[in-house]
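To keep things clear, I will list the structure first and then write my remarks on it.
Numbers here simply count residues along the sequence, with the first being 1.
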Amino acid sequence: MIAVVDALPLVSDAERAQLLSAPRNAEAHRELMAQVPAMRMVQTGGSAHPGPLPATLSVVAWNVERCLFPEASAEHLRPLAPDVVLLSEVDHGMARSKQRHTTAAMAEALDMTYAYGVEFHELDLGGPTERAFCEDDFNACGWHGNAILSKVPFERVTLIRLDDHGHWYSTDVGADPEQPRLGGRMALAAVLATEAGPVCVVSTHLESNADGAHRAGQMQILLDGIDGFAPGIPVLIGGDLNTGNHVPPDFDWRGEPLFDLARQRGYSWDFTADGMTTRPSLISPHPGRVMKLDWFAGRGFAPLDRKVIASVSGDGTPLSDHDAVWCQLRRDG
């Protein structure tokens, strides 16, 4: 059962010590997940305008890579006049992002309401390039996750967990020792009112450290979860699907089975513009890594326009290692 809360309860020092000392395997990870209430919660806040949204929507999906620059990132999106923003890799109380609740900061800058869910509880300060941004040697909260920003109130919101085996915690599945984490990939889903009727929007982030079959399994769980949460209404899924990751030799995304899987469930990928969506950034300075990771999939909507938005601020600062994707769409019927 997912609870909707105003604030996420913190992990205590004693609980953190247990997380660090427990066996690094899937069984222990599942037991620890059950002991951390925030893993079953969605935090909401911000400000909402009276609804409903218009029948034609402007929607952005963006992996903001920890969200080092929440206000600049919000300003970057302002010309798009988004009704909905789907975010992934958003920090909350992490030293590398100045201990800020970066989702709340973006929502305030855009005058929107937000829903935030935990993907990972970070047990350390992050990878080597991230530590350069840390002014503290501790994380105030240690949360890292996904978010939805909306101009109007949420009618309903939920969190859908896509795995619980501890892909970044359990050494038996290849966890990264530089980034120990409790948690796993997940999605947030919300129902919003529009002039044409209710719609469901979904922010998700699929596994990077895996192959296409693993991501297809996560997509299956996601689609089933959406059908249970919002049956019979239009759905727009947006986020970093990590398509092509761990696909040699050149990150070819085209053979990912998740595309056909979604089509078989009535989804179209026509809401996503052509073009790659990664770039070198302050955290990920990898000029040779050019990938198409970020997508929209829709059902019950008609696509009207779409583009990739370069994630470079006006002063030339890379705001993320992902460009944003944007679409304009209209509810069918």
Side-chain angles (χ1 to χ4, degrees), residues 8 10-11 13 16 19-20 38 43 60-77 85-110 114 116-147 149 168-169 175-183 185 203 205 208-209 239-240 242 245 277-291 293-294 309-324:
L8 298 172
L10 297 180
V11 173
D13 289 342
R16 185 173 183 276
L19 295 176
L20 289 169
Q43 181 186 18
V60 175
W62 192 9
N63 179 326
V64 287
E65 194 187 27
R66 320 311 190 225
C67 202
L68 296 177
F69 311 104
E71 286 81 12
S73 296
E75 191 62 30
H76 196 63
L77 298 182
V85 180
L86 308 174
L87 297 174
S88 51
E89 289 199 15
V90 201
D91 278 355
H92 178 2
M94 290 289 300
R96 64 196 177 196
S97 45
K98 302 188 184 305
Q99 310 289 13
R100 302 185 69 190
H101 190 342
T102 59
T103 296
M106 280 194 70
E108 181 178 5
L110 289 168
Y114 71 83
Y116 178 82
V118 175
E119 184 176 61
F120 296 112
H121 175 61
E122 301 275 355
L123 298 172
D124 210 333
L125 301 178
T129 57
E130 296 168 308
R131 290 171 183 262
F133 295 93
C134 295
E135 297 176 357
D136 300 321
D137 61 359
F138 66 92
N139 297 319
C141 303
W143 304 129
H144 181 68
N146 297 342
L149 311 185
W168 292 78
Y169 182 89
D176 183 346
E178 291 184 336
Q179 299 187 68
R181 309 168 179 176
L182 179 78
R185 304 302 182 181
S203 174
H205 190 194
S208 57
N209 187 23
D240 175 5
N242 271 304
N245 242 320
T277 63
T278 62
R279 67 174 51 251
S281 72
L282 301 181
I283 291 176
S284 303
H286 307 308
R289 191 187 69 171
V290 180
M291 308 171 74
L293 305 181
D294 305 274
I309 310 297
S311 60
V312 179
S313 71
D315 66 3
T317 301
L319 300 172
S320 172
D321 65 334
H322 289 247
D323 288 339

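Listed by chain and residue number, nothing satisfies the side-chain hydrogen bond (donor to acceptor under 3.5 Å, both in side chains) test with S73 (two or more places apart in sequence, or in another chain). For R181, the salt bridge (charged side-chain N to carboxylate O under 4.0 Å, His left out) partners are E122, not counting sequence neighbours. The side-chain hydrogen bond (donor to acceptor under 3.5 Å, both in side chains) test applied to D13 returns no partner, not counting sequence neighbours.
Side-chain atoms of S320 and S281, non-hydrogen and from C-beta on, never get closer than 4.5 Å to each other. Side-chain contact between S313 and F69: absent, with no pair of heavy atoms (C-beta onward) separated by less than 4.5 Å. Inter-residue side-chain proximity for M106 and V90 is flagged as unmet; no heavy-atom pair is nearer than 4.5 Å. Side-chain contact between E130 and M94 is absent, with no heavy atoms from C-beta onward closer than 4.5 Å. Side chains of T103 and L149 form a contact here, defined as non-hydrogen atoms less than 4.5 Å apart. Side-chain atoms of I283 and D321, non-hydrogen and from C-beta on, never get closer than 4.5 Å to each other. Contact of the C67 side chain with the H144 side chain is not registered, since no non-hydrogen atoms from C-beta on lie closer than 4.5 Å. Contact of the S284 side chain with the T129 side chain is not registered, since no non-hydrogen atoms from C-beta on lie closer than 4.5 Å.
In this structure, S203 contributes its side chain and L87 its backbone to a donor-acceptor pair below 3.5 Å. D136 contributes no side-chain N or O that, together with a main-chain N or O of F138, makes up a donor-acceptor pair within less than 3.5 Å. In this structure, the side chain of R16 engages the main chain of L123 through a donor-acceptor pair within 3.5 Å. One N or O on the side chain of N139 and one on the backbone of A95 form a donor-acceptor pair closer than 3.5 Å. Side chain of Y116 to backbone of L8: no donor-acceptor contact under 3.5 angstrom is found.
Nearest heavy atoms, R100 versus P70: NH1-CG, 3.4 Å. In terms of heavy-atom proximity, A38 sits nearest to W143 at CB-CH2, 3.5 Å. Closest of all the heavy-atom pairs between T278 and M291 is OG1-N, 2.9 Å. Scanning both residues, D323 and I309, for their nearest heavy atoms gives CB-O, 3.3 Å. Taking both residues in full, the closest heavy atoms of S311 and R279 are given as OG-CD, 3.4 Å, listed atom of the first, atom of the second, then distance. Shown here for L10 and C141, the closest heavy-atom pair between the two residues is CD2-SG, 3.7 Å.
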Chi angles and distances behind the side-chain contact (heavy atoms from CB on, under 4.5 Å) call for N63, D294: CA-CA 8 Å; N63 179 326; D294 305 274; 4.1 Å; yes
side-chain contact (heavy atoms from CB on, under 4.5 Å) assessment of Y114 paired with Q43: CA-CA 8 Å; Y114 71 83; Q43 181 186 18; 3.8 Å; yes
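Salt bridge status for R131 with D124: present, with a side-chain N to carboxylate O gap under 4.0 Å.
Side chains of H322 and E89: a donor-acceptor N/O pair is absent below 3.5 angstrom, by distance only.
Counting non-hydrogen atoms of other residues, nucleotides and ligands closer than 6.0 Å to CD of Q99 gives a total above 12.
Rounding to the nearest 0.5 angstrom, the gap separating the CG atom in D240 from the NE2 atom in H205 is 4.0 Å.
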